[in-house]
Amino acid sequence: MLADDLVLSVVDQSPMRRGGTAAQALVETVELAQSAESLGYTRYWVAEHHNSSSFSGSSPEVLIGQIAANTDSIRVGSGGVMLMHYSALKVAEQFKILDSFYPGRIDLGIGRAPGSDRLTSAALAYPRLQADLKKFPQQVIDLLGFLSGKLNKEHPFSRVRAQPGPASETTPEVWLLGSSDYSARLAALIGVPFAFADFFGDMRKHGPSVVETYRREFKPSMVLDIPKVNIALQVLCAPTTEEALYLGTSRNVNKAASFLKQQPEMHGLLHPTEATNYPLNQEGQRFMENFRKSYIDGNPEEVRKEILEVANLYGVTEVSIVTNCYAFQDRLRSYELIAEAISQGVTIATITEALAGMGGAVFLSAE
């Protein structure tokens with residue numbers, strides 16, 4: 001694949017740093033979206049997490065409105081709405097309102113996972129019973145019906161219209177998100193675009209076969225004629241490999257601590273120096289080494305090469321970038337370097353020349 005063929009997008013989990021606040025993280029998400037638009041990224045998706053000490057985006061539909069209001073052309077959406085917690089009608093109405101304000105710019109990515117722990121999932125449903133995941137496919141079909149105004153006539157709610165209505169000239173672009181054959185097959189059966197979560201880590205052993213299953217079983221629909229795939233990758237780019245690996249320790253230790261149920265005591269991503277010295281046990285170390293295998297951390301030339309290789313592996317022309325680190329300026333710089341590397345083929349020589357113009361020094365801006 002040539003870099004010119006690749007479209008870049010963003011998935012933002014609105015990470016919090018230790019000592020920072022959720023409010024700061026949300027403001028940074030809007031600022032990062034503005035920069036992503038100016039850098040040429042195509043989509044900007046925000047995640048849904050609940051009761052998290054590290055990620056602040058608990059209401060993607062509200063955050064989408066703020067981002068769209070403060071940008072001009074970039075598509076803005078959810079990566080994604082955890083549909084099990086909500087009614088299809090309510091989600092349809094929320095996103096139809098967003099589409100009314102920002103026609104042709106809204107994406108609705110939906111996921112089957114709870115986006116939280118079991119207790120929090122119960123709290124989201126209380127005092128009702130939690131949703132039966134076996135009914136998730138019907139929820140997706142109902143959501144599409146409410147968005148389009150074309151529910152099956154035999155449906156018990158066929159006379160209910162999602163407002164604002166009638167259906168406008170544009171409608172949110174619906175994506176099904178997932179990391180398994182289940183999500184791929186459902187997206188193929190319903191005929192909607194599929195976004196694969198490679199950024200979870202250690203997904204590449206089965207990821208390409210999941211995407212191939214989606215393509216092989218895809219059935220055209222009123223939404224989509226041919227398969228459409230987006231791959232989300234975990235990437236951190238810095239002027240040097242050493243700095244990228246250093247900055248990545250904050251993200252790596254945070255995920256390992258979450259696996260060990262130690263995340264609440266962190267209250268945000270640690271400074272990379274503190275993360276480097278964090279006392280992970282052997283189980284945590286093994287877990288971290290495993291999920292890091294498919295993370296892309298490095299200098300611009302390395303990152304460019306690996307992103308293109310993974311895009312070739314999956315056979316996709318659109319890649320979404322997930323970048324989590326301690327300092328906002330390092331996260332922003334990473335997205336800048338990635339965009340420049342992909343669009344212009346930036347090499348180590350280019351970075352060296354740029355650094356020479358700064359006096360030849362490399363500054364770690366995570367302080």
Under 3.5 Å, sequence neighbours excluded: what are the donor-acceptor pairs made by side chains of residues 64-82?
residue	atom	partner	partner atom	Å
Asn70	ND2	Gln66	O	2.7
Thr71	OG1	Ile67	O	2.8
Thr71	OG1	Arg105	NH2	2.7
Ser73	OG	Glu37	OE2	3.3
Arg75	NE	Asp107	OD1	2.8
Arg75	NH1	Gly104	O	2.7
Arg75	NH2	Ile106	O	3.1
Arg75	NH2	Asp107	OD1	2.8
Ser78	OG	Gly109	N	2.9
Ser78	OG	Gly109	O	2.8

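Evaluation of the ring-ring contact (aromatic ring centres under 6.0 Å, His included) rule for Tyr102 yields no partner, not counting sequence neighbours. In terms of the side-chain hydrogen bond (donor to acceptor under 3.5 Å, both in side chains) criterion, residue partners of Asn290 (sequence neighbours excluded) are, by chain and number, Asp202, Lys293.
Classification of the Phe259-Phe287 ring pair by plane angle, with boundaries at 30° and 60°, yields parallel. Aromatic ring pairs are classed by plane angle as parallel below 30°, tilted from 30° to 60° and perpendicular above 60°; the pair Tyr314 and Phe196 is tilted.
Glu173 has a carboxylate O that lies under 4.0 Å from a charged side-chain N of Arg43, or vice versa, which qualifies the two as a salt bridge. The residues Glu243 and Arg333 are annotated as salt-bridged, a charged nitrogen and a carboxylate oxygen being separated by less than 4.0 angstrom. Between Arg161 and Glu93, no side-chain nitrogen of the basic residue sits less than 4.0 Å from a carboxylate oxygen of the acidic one, so the salt-bridge criterion is not met. A salt bridge links Lys305 to Glu309: at least one charged side-chain nitrogen sits closer than 4.0 Å to a carboxylate oxygen. Between Arg331 and Asp12, at least one side-chain N (NZ, or NE/NH1/NH2) sits under 4.0 Å from a carboxylate O, which counts as a salt bridge. Using a 4.0 Å cut-off between a side-chain N of Lys or Arg and a carboxylate O of Asp or Glu, Glu274 and Arg18 qualify as a salt bridge. Salt bridge absent: Asp330 and Arg17 never bring a charged side-chain N and a carboxylate O closer than 4.0 Å.
With Asn252 contributing its side chain and Gly248 its backbone, the two residues share a donor-acceptor pair below 3.5 Å. Checking side-chain atoms of His85 against main-chain N and O of Pro114 turns up a donor-acceptor pair under 3.5 Å. Side-chain atoms of Glu302 come within 3.5 Å of backbone N or O of Asn299 as a donor-acceptor pair. The closest donor-acceptor contact from the side chain of Ser52 to the backbone of His49 lies at 3.5 Å or more, if one exists at all. No side-chain donor-acceptor contact under 3.5 Å links Ser183 to the backbone of Ser180. Here the side chain of Ser334 pairs a donor or acceptor atom with the backbone of Cys237 at under 3.5 angstrom. Under a 3.5 Å cut-off, the side chain of Thr249 and the backbone N or O of Pro272 do form a donor-acceptor pair. Remark: the backbone N or O of Asn324 is not paired with any side-chain donor or acceptor of Gln13 at under 3.5 angstrom.
Within 6.0 Å of atom CZ in Arg215, more than 12 heavy atoms from other residues, nucleotides or ligands are found, so the atom counts as buried in its surroundings. More than 12 heavy atoms of other residues, nucleotides or ligands shown are found within 6.0 angstrom of OH on Tyr182.
Cation-pi geometry between Lys255 and Phe291 is satisfied (NZ or CZ under 6.0 Å from the ring centre, within 45° of the ring normal).
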Test side chain to side chain contact (heavy atoms under 4.5 Å, CB included) applied to Arg185 and Thr213, step by step:
CA-CA 7 Å; Arg185 288 196 162 96; Thr213 295; 3.8 Å; yes

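Checking each of Val11, Val319, Ile338 against Leu233 for a side chain to side chain contact (heavy atoms under 4.5 Å, CB included) leaves exactly one that passes, namely Val319.
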